[in-house]
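In what follows, a single structure is set out as C-alpha cells and then discussed.
All values derive from a computational prediction rather than experimental measurement. So you know, we letter chains A, B, ... as the sequences are listed, proteins then strands, and number each from 1.
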Amino acid sequence: SSKTLRSVSVDLNHDASLLIDIPDALCERDKVKFTVHTKTTLSSFQKPDFSVPRQHEDFIWLHDTLVETEDYAGLIIPPAPPKPDFDSPRDKMHKLGEGEATMTKEEYTKMKQELEAEYLAVFKKTVQVHEIFLQRLSSHPVLSKDRNFQIFLEYDQDLSVRRKNAKEMFGGFFKNMVKSADEVLISGVKEVDDFFEQEKTFLLDYYSKIKDSTAKAEKMTRAHKNIADDYIHISATLNSLAADDMTANKKNLEKLSDLFEKFRKVEGRVASDQDLKLTELLRYYMRDIQAAKDLLYRRARALADYENSNKALDKARLKSKDIPQAEEHQRQCLQKFDKLSESGKKELTSFKGRRVVAFRKNFIEMAELEIKHAKNSVALLQGCIELLKSN
Amino acid sequence: TLRMLTVGIEEEEGGDSFDIHISVSDPEKVGEYMMLFSSTHNLSFSVFPFMSLLQTSISLFKRNEFAVKRRFSDFLGLHSKLASKYLHIGYIVPPAPEKSIVGMTKVKVGKEDQSSNEFVEKRRSALERYLMRTVKHPILLKDPDVLQFLESSELPRAVSTQALSSAGLLRMVNKAADAVNKMTIKMNESDAWFEEKQQHFENLDVQLRKLHTSVESLVCHRKELSVNTAQFAKSAAMLGNSEDHTALSRALSQLAEVEEKIDQLHQDQANADFYLFSELLGDYVRLLTAVKGVFDHRMKTWQKWQDSQMLLQKKREAEAKLQFTNKPDKLQQAKDEIKELEGKVQQGERDFEQISKTIRKEVSRFEKERVKDFKTIIIKYLESLVQTQQQLIKYWEAFLPEAKAIS
C-alpha cells in the first residue's frame, strides 16, 4: 500500500467528498497500469465508489488539458508526474547477469534480491507521485471540479481514444511555445506589484538552487547504495572463508559474515529512506516551483497582452477606427490580468505554506529514521563485538 | 602531521615472556636525489628516513628505550638479508612493503599536499606492521641483522634492494614453482599433512584476494560518499540562503552543517576501512606468498635429495662395472665419489626432514598468529564502525529539534 509513502505533500485527501487513491498497480514490461480508485459523495459522479485502470500517458493528458485551460491560467497546476523510469535497476540487472560467473550462488541471489528491492522502490515511488498528482487536484477548490478530471476518474473505457481527439482539439498551444522564452519574458516585464516582484526574484533563484540540491542528494544516496552492495560481497566472501575453515575460527567468521549481511540491510534502508525523505522531497518541490514559475509566465503574458491592447486602443483612437472593439479588448485584457494576479497571489501564498509544512514533516521523519538506523547498527555491531571477544 | 601508532605484542610461548613495542614515526625529508628507472624517465623524489622507536624490557637489547633513523631502502635491505638466510630452510619471513613507483612520483618535494601526505602515511603504517611481524617471530628477533637494524645508530647502505620486494618475492616463488613443475619425478607425498596444508593455503589465498578487492571497493565508495556529502552540504547551505521563509531557511542551514560534520565522519571511516581492514587483508595476501614459498623450497630440498640419490645409484652401478675391469685408480676414485655422495644423500635426507619439521612449526605459529591478528584488528575495525554510528546519532539528535522548530 502506498499510504506509508505519502509524504512529500501534506493535507491532501482529507475531504471526504472526494477521496482518491491508487491502491495497486501492475508492472508489465516496464509499462505501469495504475488502478485509480475514487470514493465520493458528490452527485456529479455516477457512482459513489469506483475504480478505473489508467496509464502514465493518461495522467499527462489530464495535466496538459489543465495547463491549456484559460480559466486556470491563474492557478498553480500541480506538476505532471514523471514517467516511470526503470532504466537504472534494469541496467544493473543486466550487468548482474553478465557477472554471474564471478560470484557465488549465494552472492548472486543476494544481489538479485537487492535489485528486486530497487525495482520495487522505483515502482512504489512512481505510484506515490501519480497518486499525489491526483490528490492535489481533488483537494483544490477549482481544479477538483474540472470536467476532464471527472472524465479521467470515471470514464471506464480506454482513455487513449479520447486523448487522441483532445490533442487535435487543443493542438498543444501553450506547451509548444518555446519554454526558454519564459525566463526572458518573466524577468523582462516591468513589475508594478511588490509581491510579484519579490516572488519572481525568489522563485527564479530558488529553482536553480533546489535543482542543484536534488542532484547532489541523489549522488549521496547512490554512494550509500554502493556501500551496501560492497557489504554483500564482503559478507559472502566471509561465508566462503568460514566454510573452508576447520578451526575454532569458523564460528567467528560466520558471525562476522552474518553481521555484514544484517548491516548491509540497514545501510540499504538508510539509502532508501534518504531517497524518499530528502531526494524525492527536493525533486517534487523543484517541479512544483517550475509550476509556480509557469504561473508567473502566464501572468507576464497577460500583462504583455494588456500593454499591447493599450497600444492598440491608442492607435484606434488616433485613426478613429474600431474604437469600441479596441476598448472592449483592452477591458478584457485588464480583467484577465487582474483575475490572474488575484488568483496567483492566493496560490503562491498557500504554496509557500504547503512547502514549509512538507519540508518540516520530511526533515523530522528523516532525522528520526537516521537515528533509528544508527541505533540499530550500533546494537548489531556491539553484539558481534561481544561474541568475538567472548570466544 | 602524522600520528604515532604504537602496537604492543606479548610473546606467550617458549618460556621467555617479554614486551616489545615498536612504532615507526616522524618521517623527515632528508634530501632529494635523482634515480634512473629507465632510459626515458628521470624521476626525482625525496627520501624519507623513518625513526624506529623501540621500547623493550628484554635483555636482548642493550638499552630499554631508543630510537634510530632508517631509510625505506634500509627496511628492504633487512628483508633481503632475512629472506636469503631463512626462506630456503622453511621459515616464513614476512615480506617487506611494496616499492610503489606510482606513489613516489606523486610525492612532490617541498609540497605538503594531501595525496603525498596520504602516501607517506600508508608507507609509514606498512613499515610499522612489517617490523612488528618480523620481531614477533621468535627466531627472527634473535637474528643479528634484526638487532643491528633496531639498535645501530648507523647502518651500512643496502646495496641491492630490488629483488626482494613483495613483487620480487612473487617472481622468485613462481620461478621455483615452474622448476617444481618441470621435475620429472613427481614427489610422492607420504605426508598428507603437507598436501592438505598447501590446498588450504591455496583456497585461503583465493578468498582473501576476493575479500581484499571488495574492501578496496568499500574504501573507494566511502570516499565517494564523503565527497558527495560535502557537496550536498554546500548545496543545502545555498538553498537555505535562498529560502525566504525564516524558520525553514534556518533549518536548511542547520542541515547543511550536519551534513558537513557527517562528511568528516565518512572520511574518518574511510581511513579505518583502509588502514585496519584493507591493509590487513593486503598484508596477508602478501604473507601467503611467503608461505607458498617455503612449501616450494621443501619441494626443491626433496628434489635435491632425490637427485643426489639418483646420482649415487648411477655411481654405484658404474663402480660395479669397474670391478670387472683392471683400473684400480678409477675404481678408487669411484669409491671416493660414492662415499662423498653417500654423505650428500644423508645430508639431503636430514635437510628434508629438517625443513619439513620447521615448516610444521612455522605453519602452526603462522595460523595461530593469523587468527589472533584478524580477531584483534577486526574488533578494532568494528569499534570504529560503532563510533561512526554513535556520532551519527548525536548529530541527528541535535538536528531534530531544529527541524521541529520550523513553523
All heavy atoms of H233(A) vs all of S214(B), minimum pair found to be CB-OG, 3.4 Å

Residues I227(A) and R222(B): closest non-hydrogen pair is CD1-CA, 3.9 Å

The side chain to side chain contact (heavy atoms under 4.5 Å, CB included) partners of N241(B) (sequence neighbours excluded) come to none

Partner of M220(A) under side chain to side chain contact (heavy atoms under 4.5 Å, CB included), picked from E224(B), Q231(B), E259(B), is E259(B)

Nearest heavy-atom contact between A403(B) and F363(A) is CB-CB, 3.9 Å

Applying a strict 4.5 Å limit to non-hydrogen atoms, the region of L259(A) in contact with chain B is side chain

Within residues 262-270 of chain A, the residues sitting under 4.5 Å from chain B by heavy atom, in sequence order, are F263(A), E267(A)

Honestly, the part of E367(B) sitting under 4.5 Å from a heavy atom of chain A is neither

Of L238(A), L253(A), L256(A), the one forming a side chain to side chain contact (heavy atoms under 4.5 Å, CB included) with I378(B) is L256(A)

Does a salt bridge link E402(B) with R360(A), judged by any charged N lying under 4.0 Å from a carboxylate O? no

On a heavy-atom basis, the closest approach of Q389(B) and A374(A) is OE1-CA, 3.3 Å

Q.
Within the 3.5 Å criterion, strictly below it, is a donor on D230(A) or S217(B) matched to an acceptor on the partner's side chain?
A. yes

key: salt_bridge(E397(B), K375(A)) N-O dist < 4.0 Å   = yes

Pairwise side-chain contact, N252(A) with F374(B), heavy-atom cut-off 4.5 Å (strictly under) | no

